[in-house]
Amino acid sequence: MNDFSKWKFTRREVLKLGAASAGALAAGSLPAAQITDGGRKPVNASVAMDVNGTPQNVTLDTRTTLLDALREHMHLTGTKKGCDHGQCGACTVIVDGRRINSCLTLAVMHQGAKVTTIEGLGTPTNLHPMQASFVKHDGYQCGYCTPGQICSAVAVLDEIRNDIPSHVSADLTVKAQFTTTELRERMSGNICRCGAYSNIVEAITEVAGSHA
Ligand code: FES
Ligand code: FES
């Protein structure tokens, strides 16, 4: 059993010790690495990728997510940070033709990749068909989830066209279908706190019609 009797502190002394530690931290007299990662130093790396058709070359901490690389280093803030934990889909981008949660992947893992964000799909004067359909069907309210929804929806239609099954594909021997059930399932990783789901499905369904 531990013997704590040798530690004799008054309450005032304990408070003083706490204040002194906080002061040392604030003054920077304790190295940050010692506090945050057991002494390991950050490592920087140079990462090159094609983002929306533009070559990007950034030097960043190897722990930087693709989401933060896009937003903080390339200043492409269309891609949104919702949960930063892979749970909401607000950060969805298309990497080498597949949609991913950019908050769950490190930028250094995508050396040489082709990345498409919402900024690369269309422009205000020349909307991508999916963007135009979201506008037409009121597929958003606050709009925070919308860039992720649209990137996801564009990739979903490619997934169905490429006959990639989902959890609700009943018969794997027949080609994947553009059904509402399929669209809802495939879009289930994109959360909309405003609850614009029915309009989102209508928007995607209209574009899917031209893909079917
Ligand atoms: S911010 Fe990436 S899934 Fe929520
Ligand atoms: S439109 Fe507001 S969260 Fe989806």
Side-chain angles (χ1 to χ4, degrees), residues 36 45 47 49-52 56 58 60-111 113-124 127-160 164 166-168 180-208:
T36 57
V47 184
M49 57 181 77
D50 177 300
V51 182
N52 302 328
Q56 295 276 2
V58 288
L60 35 70
D61 186 317
T62 50
R63 299 167 294 184
T64 307
T65 62
L66 178 59
L67 173 60
D68 285 340
L70 291 168
R71 290 182 54 86
E72 310 298 334
H73 293 262
M74 303 174 200
H75 309 295
L76 293 167
T77 53
T79 306
K80 299 299 182 231
K81 181 182 285 192
C83 63
D84 211 16
H85 282 83
Q87 295 174 347
C88 72
C91 64
T92 305
V93 298
I94 303 169
V95 177
D96 293 332
R98 298 181 63 183
R99 58 191 170 135
I100 62 171
N101 288 339
S102 59
C103 72
L104 284 188
T105 187
L106 298 175
V108 290
M109 295 165 65
H110 301 288
Q111 184 76 258
K114 187 173 180 331
V115 180
T116 304
T117 69
I118 191 70
E119 291 95 337
L121 286 179
T123 64
L127 294 178
H128 184 281
M130 191 64 77
Q131 292 171 312
S133 195
F134 267 64
V135 172
K136 176 179 171 186
H137 292 276
D138 277 339
Y140 52 86
Q141 288 178 40
C142 77
Y144 197 81
C145 72
T146 312
Q149 299 277 4
I150 290 177
C151 284
S152 206
V154 168
V156 159
L157 298 191
D158 283 342
E159 285 167 17
I160 297 177
I164 297 172
S166 78
H167 287 297
V168 296
T180 300
T181 307
E182 282 282 358
L183 295 178
R184 283 185 178 276
E185 163 61 20
R186 290 172 192 264
M187 292 296 295
S188 61
N190 289 83
I191 308 301
C192 175
R193 292 184 61 155
C194 297
Y197 295 113
S198 58
N199 298 26
I200 290 170
V201 170
E202 280 175 20
I204 302 173
T205 301
E206 178 163 315
V207 183

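Read the numbers this way: they start at 1 and go in the same order the structure lists the ligands and their atoms. None of the values given here were measured: they were computed from a predicted structure.
- A donor-acceptor pair under 3.5 Å is formed between the side chain of E119 and the backbone N or O of G78.
- Not one N or O on the side chain of D158 forms a donor-acceptor pair closer than 3.5 Å with the backbone of G97.
- Salt-bridge check for K81 with D68: passed, with a basic side-chain N closer than 4.0 Å to an acidic carboxylate O.
- Qualifying side chain to side chain contact (heavy atoms under 4.5 Å, CB included) partners for E202, counting only residues two or more places apart in sequence or in other chains: H137.
- The count of protein N, O or S atoms under 2.8 Å from atom 2 (Fe) of ligand 2 stands at 2, with waters excluded from the count.
- Looking at T116, I118, L70 one by one, the single match for side-chain contact (heavy atoms from CB on, under 4.5 Å) with V93 turns out to be L70.
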Check step by step if side chain to side chain contact (heavy atoms under 4.5 Å, CB included) holds for C194 and Y140.
CA-CA 8 Å; C194 297; Y140 52 86; over 6 Å; no

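- In this view, E182 and S166, S169, R186 satisfy the side chain to side chain donor-acceptor pair (under 3.5 Å) rule, not counting sequence neighbours.
- Around atom 4 (Fe) of ligand 1, protein N, O or S atoms at a distance under 2.8 Å total 2; waters are neither shown nor counted.
- Expressed to the nearest 0.5 Å, how far CZ of F134 lies from CD1 of I150 amounts to 5.0 Å.
- Taking all atoms of both residues into account, the shortest heavy-atom contact from C192 to Y197 is N-OH, 2.7 Å.
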